[in-house]
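What follows is a single structure, written as structure tokens, with notes after it.
Quick note: residue numbers are just sequence positions, from 1. All values derive from a computational prediction rather than experimental measurement.
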Amino acid sequence: MYTCTICSMYAAAELIKELVNYKEIQDTVLNELVRLLKPSVENAGSSSAPLPAHIQQAGAAKVIGLLVHIDDNIVKQLLELRVVRHLLYAMSNISYPDCQRQAALSLFALVSTVVSAKDEVKSLLGENLFQQLMSIPEDVYSVLTPAQVDVLHSSLR
């Protein structure tokens, strides 16, 4: 079952990478990816088990990280959709660590390629957390303090 899920997520990511090449639907695809980073309250739940909304949130974060390397126009559109703040919000999802990890990796990719994103992330996170993100993006979620999680959670305000 687990292997099938991984195969399905890979196939979905590859499909989305193809779909964004079609200008007619590119805006819709990007909007939906960013929207998935902040699940609605009724979909987010409070269970300790990963809910479909958490898995979608992690998947959206991962795909955004992949898209950052494809096309500057896509990056520009994502930035206009406030993707930085949405990824920071996704990093606050302590209920599903894979979401935190994928969001951090996507932020790292974005910050590594776009100066304005770097400035925004540094401004929102503060120097200390920003340096942690840059030095250990794959594990930064594991060292977050409750206060830092609150900062991340409030990033969409």
List, one per line, each side-chain donor-acceptor pair under 3.5 Å for residues 27-35, sequence neighbours excluded.
from, atom 1, to, atom 2, distance (Å)
Asp27, OD1, Gln77, NE2, 2.4
Asn31, ND2, Asp27, O, 2.9
Glu32, OE1, Arg35, NE, 2.8
Glu32, OE1, Arg35, NH2, 2.8

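- Atom-to-atom distance recorded for Asn21:CG and Ile16:CD1 is 12.5 Å, nearest 0.5 angstrom.
- Both Val149 and Leu124 are assigned to one and the same hydrophobic cluster, defined by single-linkage of ILVMFWY side chains at heavy-atom distances under 4.5 Å.
- Under the rule for a side-chain hydrogen bond (donor to acceptor under 3.5 Å, both in side chains), the partners of Glu14 that lie at least two apart in sequence or sit in another chain are Lys17.
- The ring-ring contact (aromatic ring centres under 6.0 Å, His included) search around Tyr89 returns His153, not counting sequence neighbours.
- You'll find the side chain of Ile64 reaches within 4.5 Å of the side chain of Leu37, heavy atoms only.
- Note on Tyr22: it clusters hydrophobically with Ile70, by side-chain heavy-atom contacts below 4.5 Å among ILVMFWY residues.
- Ile25 is not connected to Leu66 by any chain of hydrophobic side-chain contacts under 4.5 Å among Ile, Leu, Val, Met, Phe, Trp and Tyr, and they are in different clusters.
- Dense packing is recorded around CG of Leu156, with more than 12 heavy atoms of other residues, nucleotides or ligands lying under 6.0 Å away.
- Remark: Gln100 CD to Leu105 CG distance equals 12.0 Å, nearest 0.5 Å.
- Not counting sequence neighbours, the partners of Arg85 by the salt bridge (Lys or Arg N to Asp or Glu O under 4.0 Å) test are Glu120.
- Two residues are said to be in side-chain contact when any heavy atoms from C-beta on lie closer than 4.5 Å; Cys99 and His54 fail this criterion.
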Notebook entry, point to check: What's the verdict on side chain to side chain contact (heavy atoms under 4.5 Å, CB included) for Leu144 and Leu129, showing C-alpha distance, side-chain angles and the deciding distance?
Noted result: CA-CA 8 Å; Leu144 292 173; Leu129 185 52; 3.6 Å; yes
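- Looking at heavy atoms from C-beta onward, Leu51 lies out of side-chain contact with Tyr96 at the 4.5 angstrom threshold.
- Two residues are said to be in side-chain contact when any heavy atoms from C-beta on lie closer than 4.5 Å; Gln26 and Ile74 meet this criterion.
- The CD atom of Gln57 sits 10.5 Å away from atom NE2 of His86, with the distance rounded to the nearest 0.5 Å.
- Checked by atom type and distance alone, the side chain of Gln56 never pairs as donor or acceptor with a backbone atom of Leu36 at under 3.5 Å.
- Looking only at distances, a side-chain donor or acceptor of Ser106 sits under 3.5 Å from a matching main-chain atom of Gly65.
- Residue pairs meeting the salt bridge (Lys or Arg N to Asp or Glu O under 4.0 Å) criterion with at least one partner in residues 54-73, sequence neighbours excluded, do not occur; the list is empty.
- Nearest approach of Ala109 to Thr113, heavy atoms of both residues: O-OG1, 3.0 Å.
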Ignoring hydrogens and angles, write down the donor-acceptor pairs under 3.5 Å from the side chains of residues 132-141, residues two or more places apart or on other chains.
from, atom 1, to, atom 2, distance (Å)
Ser135, OG, Gln131, O, 3.0
Ser135, OG, Gln132, O, 3.3

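- Tracing side-chain contacts under 4.5 Å through hydrophobic residues (I, L, V, M, F, W, Y), one never reaches Ile94 starting from Ile55; they form parts of separate clusters.
- The line from OG of Ser92 to CG of Leu87 is 11.5 Å long, rounded to the nearest 0.5 Å.
- Atoms OG and CZ, on Ser155 and Arg82 in that order, are 8.5 Å from each other to the nearest 0.5 Å.
- With rounding to the nearest 0.5 Å, the separation of CG in Leu152 from CG in Leu125 is 6.0 Å.
- Of all heavy-atom pairs between Val84 and Val121, the closest is CG1-CG2, 3.5 Å.
- Residues Val115 and Val68 do not share a hydrophobic cluster, defined by chaining ILVMFWY side chains whose heavy atoms lie under 4.5 Å apart.
- Looking only at side-chain heavy atoms (C-beta outward), Leu110 and Leu79 come within less than 4.5 Å of each other.
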